[in-house]
Amino acid sequence: MKQAVKLFIMISILGTGSLLAQNPNDALRLSEPDVLSDARNLGMGNTNISFDGSFSSGVFNPAVFALAEKSVISGGFFYNNFDNDVTFQNSQSNFSNSSNHLSQFGIAVALPTLKGSMVFALGYSKMKDFNNIVKFDGFNGSNTSMIQDLTSVNDDIAYDLNLSYPIFDGDQWLYDETIINGNLNQSGTIIDKGGIDNWNLSGAVEIARDLFVGAALNIYSGSFTRERDYYEDDTHDRYSQPTSPDYLSTDFQTFHFSEQIDWDLSGWDMKFGLVYNFDRSSKFSAVIKLPTQYTITEDYIVEAYSDFADISYSIEPYVSEIEYDIKTPFELAGGYSYSIAGLTLAGQAKLVDYTQMEFSEGLTISHRSDNNRLIKENFRTVLDYSVGAAYELPYPEVTLRAGFIYSPSAYKNDPSEFDKKYLTLGVGFVASKVLAIDLAYVHGWWQTYGDNYGVDVSRTNQEIARNNVVLSLSYGI
């Protein structure tokens, strides 16, 4: 009789080609910065690392809080639309997905001092939105399929669905084979949901004339869900013969594979920054962010079925739970801003070494070691940068803003098309000297790809457009 092959083998092997978790892409998901912030900062390309910005200072540079002249209560909302044009086997599909959330609320309290300034801040920010979608449908005329991929590793899914059969030497099971030889229509949908929330406690003080320092403690919580439905259909009627010794498995129609990943995550890190005010018009800043320590509790569910002309087969849903830790890299950033006659120009750069990502606890020792080796082999150090400008109209109290954010791909040898680019626009209005209303629009674009199994044998080439609208309110006390 066929020797049982545990499902955890399938999970481990498919990790590189399918969407299963516990691989280096999961570390990148947590390490790669998002562009979410308040509308005032985002309208200028997230460049308030060096000048008096908003409550997002606790996220970007806590030292900037010390530039505040009064206490402020802040809040905001954002809308996120993710649009994906997918090319698969010369067929194109388009799908979009939207989300909206409370983006921020908090308070920054400016304490009375004899000299200089001292500010403490506490609040909430939405740090990441995992909203993402992929949809594809096309005929793969090559001699590959997921059925063959599963059979090649002797996985029980193909066997239990009567899509493969065992080969014996006498009574000794050797391996599995399948009559399936590609030429199937492949289609599917992948939907990501969830995000990361940040509770931030910051403090900043002027330690010398025109020299400000600050520190922030960030506590993270959040969730991530990935739902994947994948189909292979014999639309050209190539497989009318039985696919297994079971005579009922005749005239193969459809193979369906479904998986779902659910994360509950928590973490923390600290950030330290400084701002030096050269004069009334120019400021320099520097920031160091310590690695974030994340703990992930993951639930993983697999289901599958096969349809034939006269019968269907299915497997019992497989459910597993595992906990593991991921550590993100250090981040080093510097920025400069210059203001004159109502015009502010700002820029910043951030160095991130993605080879420092690490699976630090949980999993097996060999699994951790393999993941960390792949991280060293496939990722690189990048320099993110952003520039921004704001102009205060003399009347009424309206500020116009614009910015650009460039975030290179973390993968080695990726072309520039895979780098993330964002164009930002914003406008702000101050009412009665105390209420600031800010609105920002962000358009981002880049390319990427995904493999349904294997490497470049069932690939979705994706052109992504992301659009965000952010509304922020702040009230000076």
Side-chain angles (χ1 to χ4, degrees), residues 11-12 15-16 19-36 58-62 125-130 192 194-202 215-226 261-273 286-300 320-333 350-384 407-412 414 420:
I11 293 173
S12 176
T16 57
L19 301 175
L20 307 182
Q22 306 151 33
N23 66 66
N25 291 326
D26 298 307
L28 180 63
R29 183 181 302 116
L30 297 174
S31 301
E32 196 172 32
D34 204 339
V35 297
L36 292 176
V59 175
F60 291 94
N61 184 1
S125 298
K126 174 68 74 172
M127 288 295 300
K128 284 180 180 287
D129 183 10
F130 292 129
D192 291 354
I196 298 180
D197 302 321
N198 169 30
W199 288 92
N200 174 277
L201 175 62
S202 300
L217 172 64
N218 297 293
I219 306 296
Y220 301 103
S221 63
S223 64
F224 169 72
T225 297
R226 170 163 289 178
I261 299 169
D262 289 312
W263 280 6
D264 282 324
L265 61 90
S266 59
W268 70 277
D269 64 34
M270 294 195 69
K271 181 170 287 191
F272 303 92
V287 179
I288 180 170
K289 174 187 168 295
L290 302 183
T292 308
Q293 308 283 341
Y294 282 109
T295 297
I296 298 101
T297 300
E298 175 186 303
D299 290 326
Y300 178 68
S320 70
E321 181 176 319
I322 193 169
E323 183 174 290
Y324 52 97
D325 292 351
I326 291 175
K327 184 169 69 173
T328 70
F330 279 90
E331 295 180 11
L332 303 175
K350 178 169 61 179
L351 185 71
V352 184
D353 181 1
Y354 286 102
T355 66
Q356 294 180 355
M357 298 185 300
E358 182 182 3
F359 285 76
S360 54
E361 295 290 341
L363 309 180
T364 64
I365 295 176
S366 61
H367 195 168
R368 286 205 313 268
S369 177
D370 286 344
N371 281 339
N372 293 333
R373 174 182 53 81
L374 289 171
I375 287 171
K376 299 295 184 184
E377 292 175 353
N378 292 285
F379 292 91
R380 63 178 177 173
T381 301
V382 303
L383 186 67
D384 295 357
S407 182
S409 170
Y411 293 96
K412 289 181 179 178
D414 264 358
K420 295 181 178 180

How long is the straight-line distance from [atom2] of [Y] back to [atom1] of [X], given to the nearest 0.5 Å?
| X | Y | atom1 | atom2 | answer |
| --- | --- | --- | --- | --- |
| Ile365 | Asp370 | CD1 | CG | 12.0 Å |
| Lys376 | Met357 | NZ | CE | 9.5 Å |
| Met270 | Ile219 | CE | CD1 | 9.5 Å |
| Lys126 | Leu36 | NZ | CG | 9.0 Å |
| Leu217 | Trp268 | CG | CH2 | 7.5 Å |
| Ser366 | Asn371 | OG | CG | 9.5 Å |

Quick check against the 3.5 Å criterion: does Asp26 have a side-chain atom that pairs as donor or acceptor with the backbone of Asn23? yes
Would you say Asp325's side chain and Gln293's backbone share a donor-acceptor pair under 3.5 angstrom?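 Such a contact is absent between Asp325 side chain and Gln293 backbone.
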[X] and [Y]: which non-hydrogen atoms are nearest, and at how many Å?
| X | Y | answer |
| --- | --- | --- |
| Tyr354 | Ile375 | O-CG2, 3.6 Å |
| Asn372 | Phe359 | OD1-N, 2.8 Å |
| Ser31 | Pro329 | OG-CD, 3.5 Å |
| Phe379 | Pro24 | CE1-CB, 3.8 Å |

Pairwise side-chain contact, [X] with [Y], heavy-atom cut-off 4.5 Å (strictly under):
| X | Y | result |
| --- | --- | --- |
| Pro62 | Lys271 | yes |
| Thr295 | Glu323 | yes |
| Leu265 | Ile326 | no |
| Asn200 | Ser125 | no |
| Ile196 | Leu30 | yes |
| Glu298 | Ile261 | yes |

Ring geometry between Tyr324 and Trp263 (parallel below 30°, tilted from 30 to 60°, perpendicular above 60°): perpendicular
Just by distance, no angles: are the side chains of Asp269 and Tyr294 close enough, under 3.5 Å, to form a donor-acceptor pair? no
Which residues share a side chain to side chain contact (heavy atoms under 4.5 Å, CB included) with Arg380, sequence neighbours left out: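 Checked Arg380 against side chain to side chain contact (heavy atoms under 4.5 Å, CB included); matches are Val382, Pro408, Ser409, Lys412, Asp419.
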Is it true that, when you exclude Trp199 itself, more than 12 heavy atoms of the residues, nucleotides or ligands shown sit nearer than 6.0 Å to its CH2? yes
Assess the residue pair Glu321 and Thr297 against the criterion (side chain to side chain contact (heavy atoms under 4.5 Å, CB included)); give the C-alpha distance rounded to whole Å, side-chain angles, the decisive distance to 0.1 Å, and a yes or no. CA-CA 7 Å; Glu321 181 176 319; Thr297 300; 3.9 Å; yes
May I have the step-by-step check of side chain to side chain contact (heavy atoms under 4.5 Å, CB included) for Tyr300 and Ile322, ending in yes or no? CA-CA 8 Å; Tyr300 178 68; Ile322 193 169; over 6 Å; no
Go through the structure and list residues passing ring-ring contact (aromatic ring centres under 6.0 Å, His included) with Phe60, not counting sequence neighbours.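 For Phe60 there are no ring-ring contact (aromatic ring centres under 6.0 Å, His included) partners, ignoring immediate neighbours.
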Hey, mind stepping through Lys289 and Thr328 against side chain to side chain contact (heavy atoms under 4.5 Å, CB included) and telling me if it holds? CA-CA 10 Å; Lys289 174 187 168 295; Thr328 70; 3.7 Å; yes
Only one of Asn198, Leu290, Thr292, Leu201 passes side chain to side chain contact (heavy atoms under 4.5 Å, CB included) with Asn218; say which it is.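 Answer after filtering Asn198, Leu290, Thr292, Leu201: Asn198.
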Scan for salt bridge (charged side-chain N to carboxylate O under 4.0 Å, His left out) pairs involving residues 350-363, sequence neighbours excluded, and state none if there are none. Lys327-Glu358, Glu331-Lys350
